[in-house]
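Values below: every heavy atom of this structure, side chains too, minus hydrogens, waters and symmetry copies.
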Amino acid sequence: LSPHVYNVFYKCICGFIPLPVTMSLERQVRAKLAGKRNLEQEKEAQEWIETVLGEKFPPGELYEDVIRDGQVLCKLMNKISPGSVPKINSSGTQFKMMENINMFQQALKNYGVADVDVFQTVDLWEKKDIAQVTTTLFALGRTTYRHPEWNGPYLGPKPSEECKRDFTEEQLRAGETIIGLQAGQNKGATQAGQNLGAGRKILLGKYIRFNLLKIGIMIVS
């Protein structure tokens with residue numbers, strides 16, 4: 001969010017801005033977050049979940065509503081990594097449902113998804129940032145490629161693998177004797193006599209006189 005929005009939020013908290021303005025600002029923030037959503041990615045994530053679980057989302061229900069209580073996500077995690085979520089709450093208070101989300105988040109990290117890629121609980125439960133939830137699902141999809149025991153289906157492209165090269169001591173020593181063209185000389189070629197662009201000239205006396213003149217004008221005015 002922009003510094004202006006944060007400043008307005010601060011004033012709202014301190015009571016400097018009336019409630020109608022605060023509500024209007026909240027709508028703007030929600031609209032901005034909604035604008036981040038990628039419906040194609042959400043569709044792809046939903047289809048991946050349905051394929052992994054072997055069941056479709058209930059017809060007529062929104063993507064974010066189906067996964068909101070964490071039950072579907074925990075089942076998904078147990079399919080990918082059996083036993084990673086030992087208990088799934090199917091009923092109870094909102095705290096039980098949020099506990100599902102927390103267990104899913106922990107299972108993600110245990111599986112290898114980086115902390116920075118894991119959404120916050122309120123992003124899903126309060127629908128504050130559904131785009132980040134989808135990003136987390138794609139991060140999980142990428143992580144499955146690093147687990148040979150998982151045979152698919154996969155979500156998103158396969159991450160690039162590190163191409164590590166091992167050089168012998170002889171090759172490393174040979175490389176130290178090579179002089180690059182930008183090092184000054186190579187096979188008779190030098191950079192002598194090159195002048196790329198005009199040199200920068202600083203006329204110090206004129207610069208000082210100009211600034212003294214500016215100061216004098218400011219004092220007189």
Side-chain angles (χ1 to χ4, degrees), residues 1 5-6 9 13 26 29-30 32-162 164:
L1 299 177
V5 174
Y6 278 117
F9 264 132
I13 294 171
E26 182 180 354
V29 173
R30 288 187 178 275
K32 187 169 184 176
L33 289 174
K36 290 170 53 181
R37 295 178 63 173
N38 185 319
L39 298 182
E40 285 297 320
Q41 286 189 347
E42 291 181 8
K43 182 174 182 292
E44 190 176 350
Q46 176 178 331
E47 290 174 349
W48 179 62
I49 295 172
E50 291 173 336
T51 305
V52 172
L53 296 181
E55 56 185 79
K56 294 286 187 180
F57 280 21
E61 290 193 34
L62 296 175
Y63 158 80
E64 60 266 31
D65 290 335
V66 176
I67 63 175
R68 180 173 178 254
D69 62 10
Q71 293 186 59
V72 169
L73 297 180
C74 288
K75 291 177 182 177
L76 171 69
M77 202 66 233
N78 277 340
K79 280 284 188 178
I80 295 173
S81 179
S84 56
V85 181
K87 179 186 176 183
I88 303 175
N89 299 312
S90 57
S91 62
T93 63
Q94 66 175 15
F95 298 105
K96 287 291 184 181
M97 301 300 102
M98 292 173 70
E99 187 179 34
N100 287 339
I101 300 174
N102 293 333
M103 289 189 292
F104 171 69
Q105 292 166 328
Q106 187 58 53
L108 286 173
K109 297 172 186 177
N110 293 342
Y111 191 67
V113 177
D115 286 4
V116 69
D117 290 326
V118 178
F119 64 87
Q120 300 296 313
T121 302
V122 293
D123 292 339
L124 177 57
W125 180 252
E126 298 182 13
K127 304 179 187 178
K128 286 186 176 292
D129 196 349
I130 298 300
Q132 183 57 47
V133 177
T134 303
T135 298
T136 298
L137 290 173
F138 272 84
L140 173 59
R142 290 193 303 272
T143 307
T144 59
Y145 284 102
R146 301 204 301 265
H147 288 262
E149 73 278 5
W150 177 251
N151 297 317
Y154 298 97
L155 177 63
K158 184 177 182 180
S160 58
E161 297 179 354
E162 181 183 8
K164 188 175 181 180

For the [atom1] atom on [X], are there more than 12 heavy atoms of other groups (residues, nucleotides or ligands in this structure) within a distance under 6.0 Å?
| X | atom1 | value |
| --- | --- | --- |
| Gln120 | CD | no |
| Lys109 | NZ | yes |
| Glu61 | CD | yes |

query = Hey, mind stepping through Lys127 and Asp65 against side-chain contact (heavy atoms from CB on, under 4.5 Å) and telling me if it holds?
reply = CA-CA 9 Å; Lys127 304 179 187 178; Asp65 290 335; 2.5 Å; yes
query = Which ring pair (Phe, Tyr, Trp, His ring centres under 6.0 Å) pairs, counting each pair once, include a residue from residues 114-149, with sequence neighbours left out?
reply =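 The answer is Tyr111-His147, Tyr145-Tyr154.
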ask   = Pairs in or reaching into residues 54-100: which pass ring pair (Phe, Tyr, Trp, His ring centres under 6.0 Å), with residues at least two apart or in two chains?
value =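 Sorted result for residues 54-100: empty, none.
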From [X] [atom1] over to [Y] [atom2], what is the distance, rounded to the nearest 0.5 angstrom?
| X | Y | atom1 | atom2 | value |
| --- | --- | --- | --- | --- |
| Arg37 | Asp129 | CZ | CG | 9.5 Å |
| Asn89 | Gln71 | CG | CD | 8.0 Å |
| Thr143 | Leu108 | OG1 | CG | 8.0 Å |
| Ile88 | Lys75 | CD1 | NZ | 6.5 Å |
| Glu44 | Leu39 | CD | CG | 13.0 Å |
| Met97 | Ser90 | CE | OG | 7.0 Å |

message = So that I can tick it off, tell me whether Lys96 and Asp69 are bridged by a salt bridge, with the cut-off set at under 4.0 angstrom between side-chain N and carboxylate O.
response =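 Between Lys96 and Asp69 there is no salt bridge, as every charged N stays at least 4.0 Å from the carboxylate O atoms.
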query = Should Glu64 and Arg68 count as an ion pair when the cut-off is N to O under 4.0 Å?
reply =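 Between Arg68 and Glu64 there is no salt bridge, as every charged N stays at least 4.0 Å from the carboxylate O atoms.
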message = Has Ser81 got a side-chain atom pairing as donor or acceptor with Met77's backbone, closer than 3.5 angstrom?
response =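 Side chain of Ser81 to backbone of Met77, a donor-acceptor pair under 3.5 Å: no, none is there.
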request  = Taking Asn78 for its side chain and Ser84 for its backbone only, find out whether a donor-acceptor pair lies under 3.5 Å.
outcome  =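 Present.
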Side chains of [X] and [Y] in contact at under 4.5 Å (non-hydrogen atoms):
| X | Y | answer |
| --- | --- | --- |
| Leu140 | Thr136 | no |
| Thr134 | Asn38 | no |
| Arg142 | Asp117 | yes |
| Leu73 | Leu137 | yes |
| Val52 | Trp150 | yes |
| Thr93 | Met98 | no |
| Glu42 | Gln46 | no |

task = Provide the closest heavy-atom pair for Asn100 versus Cys74 in the form atom of the first, atom of the second, distance.
result =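 So the minimum-distance heavy-atom pair works out to O-SG, 3.2 Å.
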inquiry  = Tell me the closest heavy-atom pair linking Thr121 and Asn102, and the distance in Å.
reply    =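 Smallest interatomic distance, heavy atoms only, reads OG1-OD1, 2.9 Å.
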